[in-house]
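All values derive from a computational prediction rather than experimental measurement. Indexing begins at 1, ligand by ligand and atom by atom, following the structure's order.
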Amino acid sequence: MAHHTYRVKGMHCASCASIIEKTLKKVDGVQDIQVNYGTETAKVTFDESKTGHNHLSQKVEPLGYTLVALAQPTAASMGMSEGEHAAHLGLNQSKDEKLAEIAAMKRMVASAIPLAVFSVFVMGWEILAQFNILPTVPYVWKGFFHHLLPLMATYMLFVVGKPYLLGFYRFLRYGAANMDTLIGMGTLAAFIYSVVVISFEDALRTFINVDSVYFDVTIIVITFIALGKYLEAQAKVKTGDAIEKLLNLQAKTALVVRDGKEVEIPVEKVVHGELIIVKPAGRIPVDGVLTEGSSYVDESMITGEPMPIKKSAGDTVVAGTINTSGSFTFKATKVGSETMLARIVKMVEEAQGSRAPIQALADKISGIFVPIVLVIAFLALGAWLVIGSQYLGFAQAFAFGLTSFVGVLVIACPCALGLATPTAIIVGVGKGAKEGILVKDAATLEKLHKVNIILVDKTGTITRGKPELVSIQNLSDKRDSDIIAILASLESKSEHPIAHAVVNYAKEKSVALLPVEQFEIIKGKGLGGKVGGVEYRVGSEKLARELGAEFASLEKDTSEGKTPVILAASGKALAVIMVADQVKPEAVVAVRDLHALGISVVMLTGDDKNTARFIADSVGIDEVVAEVLPEDKLNKIKDLQAAGSVVAMAGDGVNDAPALAQADVGIAMATGTDVAIETAGITLLHGDISKLVMAVRLSKMTMRGIKQNLFWAFFYNIVGIPLASGIFFPVVGWLLSPVFAGFAMAFSSVSVVGNSLRIKTKKI
Ligand code: ADP
Ligand code: MG
């Protein structure tokens, strides 16, 4: 099975997405397809032995669409090999093409507007004259207008309105109807009727009102629709500019050391292990490890952390960030599509193109909308002819019937419906990326706004995750330095924050490490191993008591938030050390903000109960679950979910992976730029709990935008269709002119995209 994302050319409307999906689903070998109107992409999963890109594209070409192969945009945009670089150009090209398309639309609109203004002028004059507000149009002028309008309408229909006519043609030929079909059919009907009337004026005079023709309707409706499409396309380009901003972070060249000389090479030529020089104010071209020199690096564009970070030998630097005043050399460890920036771009692109569950209803509706509207339009026409004729006479009923027919077709386009969700998702995901909040997909962003409980890991989330050794209580006859040596030797094998505290302490005291044998991790409790032939255990109070070790109560220290670590051998406690971690000051504010959002916060930790309670109290956390094993964290989440809660879990993403996966929304809190961003639903690049609050707000903001959009999109259609069909006419005398239908239709799409863009400027 191959997964491919194609760019789709020729989509004009949400219903296009469902037409393409339906058509390609029928192709033998296609397993899954998702077409997104917002991003104009199609994600296809297919069996390569049965079908391929050309075959698939051929299937949709008669319907007016083309599938354009998109080489992996990330590798592409970041440039790695020559081939990928070529694809990089391809990506830019697609944007240029889009802009060229918009420019062409603009020219069409510019040519249409004077004609529309002229039509409105003539129409307005005739209406005002009817009410004796203006003198009647002089006979000569009238003749002139009535020769000019058909010519203008012909231009509008066949040149500006060509896409819509083609839509109607495809409907006749292949039976696939989209919004273009509706517009094409409506305007063509108005046009043909008018041509017939002016051609056979005398013969028809006895049957119908030959004075009312609809050339102006054709002209004005097409102008509105074309204008609306143009504004929509222009706004849509703006919704996606987050990706462009990220791509612009990529340096084009790198200064490398080759044969002892500094040479500037294109960034895609950089290879692993190469030494790269970064000058003051230079941009870091690839990911790597600093080898020489030191400086402060501004990583705000990636992590959202505003303060430049000090970097010296051994520290990692990532592509796209900017050096401040020092200069340094680093070794390239990740190039091309492997860099953090490339992965972020890929993730954002995929998330923007993914479909939010809330969209399902809108998709379903726009899929069946067009045929239903066709039926309604014909029913309205029929009803006018059959029922209307009895009251108004045939001539008048036919004129109204035609007005309704055209009006219904024009107003009922499901365009706004199709734009409602994707445009808001694109903007929301892009806005998040700018703040260092990476969202994996639209479904995650949607789920986050429903979360009512957030579980947080203590270490690294609420506390800094950088504990320090604060006291040693030696219970043995060994010297303190021996105790430290044994502890540090064992801990040097562990990655736990406590281990770092012990090892750092030993380093400070210049205590030499000893060889360790049979090292083992005791999950959630501590570790064990042999030093100098003696078997030791190091870990929590619980572990020590399980081993039968005895020591005085530790309550005084633990209730001050210190974590005890006990060294034991042969069931005896040899030493009790205390480590203490500091609470993050921003955690206090974040917990309060989460409460204000109606979310309760539960802290999970493997640490001592008293220690945990102290930390929780100092930041205002409601509930603590302490002394838990990793699998207990998982069960706690399951329990909460079974009780009906929507649970988010925020952890460091390293040893909390199963819990992150079980939660409705897994949030990985990265420290610095060293993260596996693909693992969690949401990754906070700056390991700051206040970003968690921002993520929740972003989700709520995006969902509110989507709901507003959907409301307006439905509202337009629900009110517009009956109004245009003339249902209200017998009661209150309302019949919507197709001209207003065109305006409403154009306005609905533009307002939906505009509302989504509003999210971009809002504060989170
Ligand atoms: P958390 O991530 O909530 O701190 P862990 O499961 O990582 O929970 O650890 C639980 C407890 O196990 C720690 O509080 C500590 O008491 C003990 N422990 C784990 N690893 C070590 C270690 N390397 N050295 C000493 N104690 C450890
Ligand atoms: Mg942990």
Side-chain angles (χ1 to χ4, degrees), residues 455-470 472 483-484 486-506 513 516 519-529 531 536-547 549 551 554 557-558 561-569 573-584 587 602-616 621 623-637 649-660 668-669 671 687:
L455 305 186
V456 291
D457 202 20
K458 175 183 70 85
T459 320
T461 306
I462 298 300
T463 62
R464 285 191 197 285
K466 296 200 172 95
E468 279 172 14
L469 198 158
V470 289
I472 302 173
I483 292 286
I484 295 297
I486 295 166
L487 270 170
S489 305
L490 288 161
E491 293 287 14
S492 68
K493 307 280 175 212
S494 159
E495 285 293 321
H496 202 275
I498 291 177
H500 292 294
V502 176
V503 173
N504 284 344
Y505 183 82
L513 299 186
V516 177
F519 176 78
E520 59 170 331
I521 297 271
I522 306 166
K523 208 166 54 174
K525 291 179 188 166
L527 47 82
V531 178
Y536 295 100
R537 291 272 182 277
V538 182
S540 62
E541 182 174 358
K542 201 168 153 192
L543 175 75
R545 300 255 186 242
E546 277 167 17
L547 294 170
F551 43 87
L554 304 172
D557 281 320
T558 55
K562 293 174 193 161
T563 302
V565 176
I566 294 121
L567 174 68
L574 303 181
V576 178
I577 63 167
M578 289 288 164
V579 297
D581 198 359
Q582 266 170 0
V583 165
K584 290 185 180 180
V602 178
M603 188 175 89
L604 289 179
T605 181
D607 207 344
D608 179 89
K609 274 201 182 80
N610 294 325
T611 313
R613 190 67 254 175
F614 175 86
I615 305 265
I621 283 177
E623 194 191 331
V624 183
V625 184
E627 296 177 20
V628 289
L629 298 176
E631 52 264 36
D632 299 332
K633 296 188 184 179
L634 195 75
N635 291 331
K636 174 74 188 172
I637 296 177
M649 161 90 200
D652 50 22
V654 183
N655 57 10
D656 301 311
L660 289 187
M669 316 262 302
T671 33

Taking 4.0 angstrom as the limit and counting only heavy atoms of Ser540, give me the atoms of ligand 1 inside it, by number and element. 16 (O)
Please classify the Leu543 to ligand 1 contact at 4.0 Å (heavy-atom distances, strictly less than): side chain, backbone, both or neither. neither
Any side-chain heavy atom of Ile577 within less than 4.5 Å of one from Leu567? no
The answer for which part of Lys523 has a heavy atom under 4.0 Å from ligand 1 is neither
Under 4.0 Å from a heavy atom of Gly539: give me the atoms of ligand 1 that qualify, with their elements. 26 (N)
Lys493/Glu520 ion pair, N-O < 4.0 Å: no
Thr563 side, atom OG1; Met578 side, atom CE - distance, nearest 0.5 Å: 8.5 Å
Are Glu546 and Lys542 within salt-bridge range, i.e. N to O under 4.0 Å? no
Heavy-atom side-chain proximity of Thr605 to Val628 below 4.5 angstrom: no
Lys458 near ligand 1 by a heavy-atom separation under 4.0 Å: no
Is it the case that ligand 1 has an N or O less than 3.5 angstrom from some N or O of Val565? no
Should Thr463 and Ile615 be marked as a side-chain contact (heavy atoms from CB on, under 4.5 Å) after you check the CA-CA gap, both sets of side-chain angles, and the distance that decides it? CA-CA 8 Å; Thr463 62; Ile615 305 265; 3.9 Å; yes
Under 4.0 Å between heavy atoms, the region of Thr605 that gets near ligand 1 turns out to be both
Note: ligand 1 atoms sitting under 4.0 Å from heavy atoms of Gly524 are 6 (O), 10 (C), 11 (C), 12 (O)
Are Leu604 and Lys458 side-chain neighbours, meaning at least one heavy-atom pair lies under 4.5 Å? no
Just to be sure I read this right, does ligand 1 sit under 4.0 Å from the backbone of Ser494, its side chain, both, or neither, counting only heavy atoms? side chain
Contact (N/O only, under 3.5 Å) between Glu491 and ligand 1: yes
So does Lys562 pair up with Asp581, basic N to acidic O under 4.0 Å? no
How does Asp607 reach ligand 1, if at all, at less than 4.0 Å between non-hydrogen atoms: by side chain, backbone, both, or neither? both
